[in-house]
Amino acid sequence: MPLFSKSHKNPAEIVKTLKENMAILEKQEKKTDKASEEVSKSLQAMKEILCGTSDKEPPTEMVAQLAQELYNSGLLVTLIANLQLIDFEGKKDVSQIFNNILRRQIGTRSPTVEYISAHPHILFMLLKGYETPHIALRCGIMLRECIRHEPLAKIILFSEQFRDFFKYVEMSTFDIASDAFATFKDLLTRHKLLVADFLEQNYDTIFEDYEKLLHSENYVTKRQSLKLLGELILDRHNFAIMTKYISKPENLKLMMNLLRDKSPNIQFEAFHVFKVFVASPNKTQPIVEILLKNQPKLIEFLSNFQKERTDDEQFTDEKNYLIKQIRDLKKPAP
């Protein structure tokens, strides 16, 4: 049996055909219908090589050849750069091909991770995809696959473009904002030591931007941001960040305001950050002063706070613990 049947071109031919037809689509001149059809066919053929079919495993030799052709030809970059020119099914195929080839390993090596590390603009094109509605969600899928790999997550975290996330999670299109937040959260929670290092090095700028999310007019963004903040400061890897965050009186004041938000869900997420300030055995003097100044009000407020959560024993226990902590606070001796 020959390796390639008549109906199937070899990887080099598929890549060549795809590249030529992508060039026609890029020029946006005549014959784009035919080119679009050829692009779809080539992507299908490529997907079949990488993923196999229901009755056939992907052939290792062809997969290796296809991967090499994708790197050498620069086609991987072309497909991402011109994703908006490809039809709906084709966009899905591109994201499947990209994610499949990204997971490919040779021993302990991940060749596509190495390739993207050497061509980081691929990551930034994917990130910028959030600005184009009809490719945003596809770019998000590919971006999250990249973030699974620590070297690629590191490139994004330590880049100037990272701060664009604060803009994307506030976008007016709900689906896109939610997808951007899912990627943002993944980036800040997946690789614990890397993230702790990143947050320590960039504490001031990141938390300045983050605070704006906690004041967001968008309820979903505000709630998700609060929840993520609670997750970040309660993670033991982020002890230094937590210590810094709960030492600042303006952060405590913000949480006390959010405890009185009109949304019970926002109140509940704020409670989980507020409790860290109160439960800390090493409160800074300004924090102690705020808690003392508001001691009677806080005890009364917490006593009546979300009483309807009768089935949540942990919440009730934590609330009682905070009330006791606040009641036991004493003015420091003069």
Side-chain angles (χ1 to χ4, degrees), residues 127 130 156-157 161-190 192 195-196 198-235 237-280 283-284 286-287 289-291 293-294 297-298 301-302 305-306 309 315 318-319 322 326:
L127 184 54
Y130 279 125
I156 301 170
L157 278 172
Q161 289 91 331
F162 172 78
R163 293 182 74 182
D164 290 341
F165 272 109
F166 292 100
K167 177 175 68 180
Y168 300 148
V169 301
E170 287 270 46
M171 287 180 96
S172 56
T173 310
F174 177 78
D175 288 359
I176 297 175
S178 295
D179 195 277
F181 198 92
T183 309
F184 179 63
K185 181 181 177 182
D186 211 10
L187 201 47
L188 288 175
T189 52
R190 185 174 280 277
K192 306 288 189 189
V195 169
F198 164 72
L199 291 174
E200 281 179 56
Q201 286 187 44
N202 298 277
Y203 180 91
D204 291 335
T205 52
I206 295 305
F207 279 91
E208 190 180 312
D209 285 335
Y210 205 103
E211 191 178 327
K212 290 170 193 157
L213 298 183
L214 301 177
H215 286 103
S216 176
E217 293 296 314
N218 181 325
Y219 162 75
V220 177
T221 302
K222 191 173 179 176
R223 184 185 173 189
Q224 287 179 322
S225 302
L226 252 177
K227 192 171 182 145
L228 177 56
L229 176 63
E231 203 176 312
L232 288 173
I233 65 172
L234 285 167
D235 190 308
H237 295 89
N238 296 332
F239 183 78
I241 290 105
M242 180 267 282
T243 306
K244 197 164 184 177
Y245 188 84
I246 65 167
S247 71
K248 307 252 191 270
E250 60 272 23
N251 294 336
L252 174 58
K253 286 175 188 167
L254 174 58
M255 287 310 133
M256 285 165 66
N257 284 331
L258 290 171
L259 281 172
R260 299 198 308 273
D261 193 272
K262 61 181 186 291
S263 156
N265 289 323
I266 299 276
Q267 294 171 6
F268 185 66
E269 298 304 344
F271 174 82
H272 287 300
V273 178
F274 173 75
K275 72 185 181 190
V276 186
F277 287 89
V278 180
S280 169
K283 298 175 190 63
T284 56
I287 297 296
E289 282 168 13
I290 291 172
L291 294 174
K293 188 179 169 191
N294 295 278
K297 284 185 194 163
L298 279 168
F301 176 82
L302 289 170
F305 182 64
Q306 300 210 351
R309 285 187 186 269
F315 171 67
E318 286 180 349
K319 205 168 65 156
L322 295 192
I326 294 168

Please report the shortest heavy-atom distance between [X] and [Y], naming the atom on each side.
X	Y	result
Leu229	Tyr210	N-OH, 3.3 Å
Phe198	Ile206	CZ-CD1, 3.7 Å
Leu199	Leu188	CD2-CD2, 4.3 Å
Ser247	Thr284	O-OG1, 3.2 Å

Atom pairs and distances, donor-acceptor, side-chain atoms in residues 257-266, under 3.5 Å, two or more places apart:
| unit_1 | atom_1 | unit_2 | atom_2 | d |
| --- | --- | --- | --- | --- |
| Asn257 | OD1 | Arg260 | NH2 | 3.3 |
| Asn257 | ND2 | Lys253 | O | 3.4 |
| Asp261 | OD1 | Ser263 | N | 2.9 |
| Asp261 | OD2 | Lys222 | NZ | 3.0 |
| Ser263 | OG | Asn265 | N | 3.2 |
| Ser263 | OG | Ile266 | N | 3.2 |
| Asn265 | ND2 | Tyr219 | OH | 3.0 |

Using 0.5 Å steps for rounding, measure from the [atom1] atom of [X] to the [atom2] atom of [Y].
X	Y	atom1	atom2	answer
Phe162	Thr205	CZ	OG1	9.0 Å
Leu157	Gln201	CG	CD	10.5 Å
Met242	Leu234	CE	CG	7.5 Å
Ser225	Phe166	OG	CZ	8.5 Å
Leu214	Leu226	CG	CG	5.0 Å
Phe277	Lys248	CZ	NZ	10.5 Å

According to salt bridge (Lys or Arg N to Asp or Glu O under 4.0 Å), who are the partners of [X], at least two apart in sequence or on a separate chain?
X	answer
Lys167	Glu131
Lys319	none
Lys185	Glu231
Glu170	none

- Message: Show me the pairs that pass salt bridge (Lys or Arg N to Asp or Glu O under 4.0 Å) and involve residues 201-213, at least two apart or across chains.
- Response: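 Found Arg163-Asp209, Asp209-Lys212.
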So does [X] have more than 12 non-hydrogen atoms from other groups sitting under 6.0 Å from [atom1]?
X	atom1	value
Lys227	NZ	no
Glu217	CD	no
Lys192	NZ	yes

[X]: ring pair (Phe, Tyr, Trp, His ring centres under 6.0 Å) partners, not counting sequence neighbours:
X	result
Tyr203	Phe207
His272	Phe268
Phe271	Phe305, Phe315

| message | For Glu269 and Val273: C-alpha separation, side-chain torsions, deciding distance, then whether side-chain contact (heavy atoms from CB on, under 4.5 Å) applies. | response | CA-CA 7 Å; Glu269 298 304 344; Val273 178; over 6 Å; no
Asp186 meets the side-chain hydrogen bond (donor to acceptor under 3.5 Å, both in side chains) criterion, sequence neighbours left out, with Arg190
Item to complete: Test Thr183 against Leu127 for side-chain contact (heavy atoms from CB on, under 4.5 Å), laying out the working first.
Response: CA-CA 10 Å; Thr183 309; Leu127 184 54; 6.0 Å; no
Q: Would you please test Val169 and Gln224 for side-chain contact (heavy atoms from CB on, under 4.5 Å) and show each step?
A: CA-CA 10 Å; Val169 301; Gln224 287 179 322; over 6 Å; no
*Do Asn238 side-chain atoms and Ile241 backbone N/O form a donor-acceptor pair below 3.5 Å?*
no
| said: Looking at Thr243 and Phe239, would you say the former's side chain and the latter's main chain have a donor-acceptor pair under 3.5 Å? | reply: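 A pair under 3.5 Å: yes.
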Run the side-chain donor-acceptor check on residues 171-182: report pairs under 3.5 Å with partners two or more places apart or on a different chain.
| unit_1 | atom_1 | unit_2 | atom_2 | d |
| --- | --- | --- | --- | --- |
| Ser178 | OG | Phe174 | O | 3.0 |
| Asp179 | OD1 | Tyr130 | OH | 2.7 |
| Asp179 | OD1 | Arg144 | NH1 | 2.9 |
| Asp179 | OD2 | Arg144 | NH2 | 3.1 |

| Listed partners of Val278 passing side chain to side chain contact (heavy atoms under 4.5 Å, CB included), at least two apart |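 Testing Val278 for side chain to side chain contact (heavy atoms under 4.5 Å, CB included), a comparison that skips the adjacent residues, returns Phe274, Leu291, Leu322, Gln325, Ile326.
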- Message: Is any side-chain heavy atom of Tyr245 closer than 4.5 Å to one of Leu232?
- Response: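 Not in contact.
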